[in-house]
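Right, one structure below, let's go through it.
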Amino acid sequence: MILRLRSLLRKAPLGLADIDLNDIIRETVDLLAAIAVARGVELRSSISGVPLPIRGDRIQLQQVTTNLIMNAMDAVSDLPSAERSITLSTARNGSVAELSISDVGPGIPPDKLHDIFTPFFSTKENGMGMGLSITRTIIEAHNGKIIAENQPNGGAVFRVRLSLTS
Ligand SMILES: Nc1ncnc2c1ncn2[C@@H]1O[C@H](COP(=O)(O)OP(=O)(O)O)[C@@H](O)[C@H]1O
Ligand SMILES: [Mg+2]
């Protein structure tokens, strides 16, 4: 199934378009706003003041952002509602567009920082363990990179880097 999914994703020609990564983030946050309210999670955005022009597949990049936000919502779900927050930020760094999604949850055990991207790896009772695998496949199809880290003060942060077109 995974191999089929992977080849599907690979062969499906990316619906490449000139897009602003900031727009993808704004659209996804809008799409998920009601879910965030229902789950008592505050979604904070710190969007770069300059455009982040990239070539990419809008729907697939929304899928990436959705997966990362949904995971972050799961990560903060055991905290009291007033503490549940997720921060999305975008920035231009030289020729690279950077997106980071950080949460204030328990973080990721350091020895699992790579395993979490493996198909079927899940620590959730009803987890499929496919979200991060699909996410990484999409980012790599865009010639980008994704990494997971723990923040010094707790919580996980996922960083996505994509080449800017100008
Ligand atoms: N923000 C996060 N904080 C802590 N752990 C995370 C976070 N995001 C992902 N993980 C870990 O990575 C695993 C795999 O995530 P994913 O591939 O999306 O599958 P699923 O969400 O179905 O478990 C999760 O089960 C969890 O252990
Ligand atoms: Mg998930």
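Computed over heavy atoms, backbone and side chain alike; hydrogens, waters and symmetry mates excluded. Indexing begins at 1, ligand by ligand and atom by atom, following the structure's order. Sequence positions, counted from 1, serve as the residue numbers for this chain.
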#### Entry: Close N or O approach (D74, ligand 1; < 3.5 Å)
no
#### Entry: For L132 against F117, the heavy-atom pair lying closest together
O-CD2, 3.7 Å
### Task
Report the part of A156 in contact with ligand 1, treating N, CA, C, O as backbone and CB onward as side chain, heavy atoms under 4.0 Å; options are side chain, backbone, both, neither.
side chain
### Query
Which atoms of ligand 1 sit under 4.0 Å from any heavy atom of M128?
22 (O)
### Task
Using non-hydrogen atoms of the residue, decide whether G129 is closer than 4.0 angstrom to ligand 1.
yes
### Query
Among all protein non-hydrogen atoms, which one is nearest to atom 12 (O) of ligand 1, and what is the separation to 0.1 Å?
I116 CG2, 3.3 Å
### Query
Taking non-hydrogen atoms only, is F117 closer than 4.0 angstrom to ligand 1 via side chain, backbone, both or neither?
neither
### I69 side chain reached by V41 side chain, heavy atoms, under 4.5 Å
no
### Message
Within 2.8 Å of the Mg ion (ligand 2), is there any N, O or S atom belonging to N71?
### Response
yes
### Query
Any sub-3.5 Å donor-acceptor pair from N150's side-chain atoms to A156's backbone N or O?
no
### Message
Looking at E98 and R92, is there a salt bridge between them, counting it only when a charged N and a carboxylate O are closer than 4.0 Å?
### Response
no
### Task
Run the salt-bridge test on D74 and R39 with the 4.0 Å N-O cut-off and return the result as yes or no.
yes
### Message
With the threshold set strictly below 4.0 angstrom, can you tell me whether any protein non-hydrogen atom sits that near atom 10 (N) of ligand 1?
### Response
no
### Query
Should S133 be counted as touching ligand 1, given the test is an N or O pair under 3.5 Å?
no
### Query
Can you check whether V50's main-chain N or O pairs, donor with acceptor, with S48's side chain at less than 3.5 Å?
yes
### Task
Give a yes or no answer on whether the side chain of T165 reaches the backbone of R55 with a donor-acceptor pair at less than 3.5 Å.
no
### Message
Taking A75's backbone N and O only, do any of them form a donor-acceptor pair with D103's side chain (distance below 3.5 Å, no angle check)?
### Response
no
#### Entry: N/O donor-acceptor pair under 3.5 Å between D57 side chain and Q60 backbone
yes
### Query
Is it the case that S100 and S89 place a side-chain donor and acceptor less than 3.5 Å from each other?
yes
### Message
Could you identify the single nearest non-hydrogen protein atom to atom 21 (O) of ligand 1 and state the distance to 0.1 Å?
### Response
K124 NZ, 2.7 Å
### Query
Based purely on interatomic distance, does G127 place a nitrogen or oxygen under 3.5 Å from a nitrogen or oxygen of ligand 1?
no
### Query
Below 3.5 angstrom, do we get any N/O pair linking L132 and ligand 1?
yes
### Task
Tell me which protein heavy atom sits closest to atom 26 (C) of ligand 1, plus the residue, atom name and distance to 0.1 Å.
T123 OG1, 3.4 Å
### Query
Among protein heavy atoms, which lies nearest atom 7 (C) of ligand 1, and at what distance?
F158 CE1, 3.9 Å
### Query
In ligand 1, which numbered atoms sit nearer than 4.0 Å to a non-hydrogen atom of G107?
4 (C)
#### Entry: R159 with E149: basic N within carboxylate O range, under 4.0 Å
yes
### Message
Between ligand 1 and D103, can you find any atom pair, the residue atom being a heavy atom, that is separated by under 4.0 Å?
### Response
yes
### Query
Given L61 and H142, is the side-chain contact (heavy atoms from CB on, under 4.5 Å) satisfied, shown in steps?
CA-CA 9 Å; L61 293 174; H142 284 75; 3.9 Å; yes
#### Entry: Nearest-neighbour protein heavy atom for atom 3 (N) of ligand 1, which is reported as residue plus atom name and distance
A75 CB, 3.5 Å
### I108, any N or O under 3.5 Å of ligand 1 N or O
no
### Message
Looking at ligand 1, would G155 count as a contact under a 4.0 Å heavy-atom criterion?
### Response
no
## Note on the structure
re atom 14 (C) of ligand 1, the protein heavy-atom contact at minimum distance is F121 O, 3.2 Å
### Message
Tell me the closest heavy-atom pair linking S163 and I54, and the distance in Å.
### Response
O-CG2, 3.4 Å
### Task
Starting from atom 23 (O) of ligand 1, locate the nearest protein heavy atom and write down its residue, its atom name and how far away it is, to 0.1 Å.
S122 OG, 2.6 Å
### Query
Where is the nearest protein heavy atom to atom 18 (O) of ligand 1: which residue, which atom, and how far?
N71 ND2, 2.8 Å
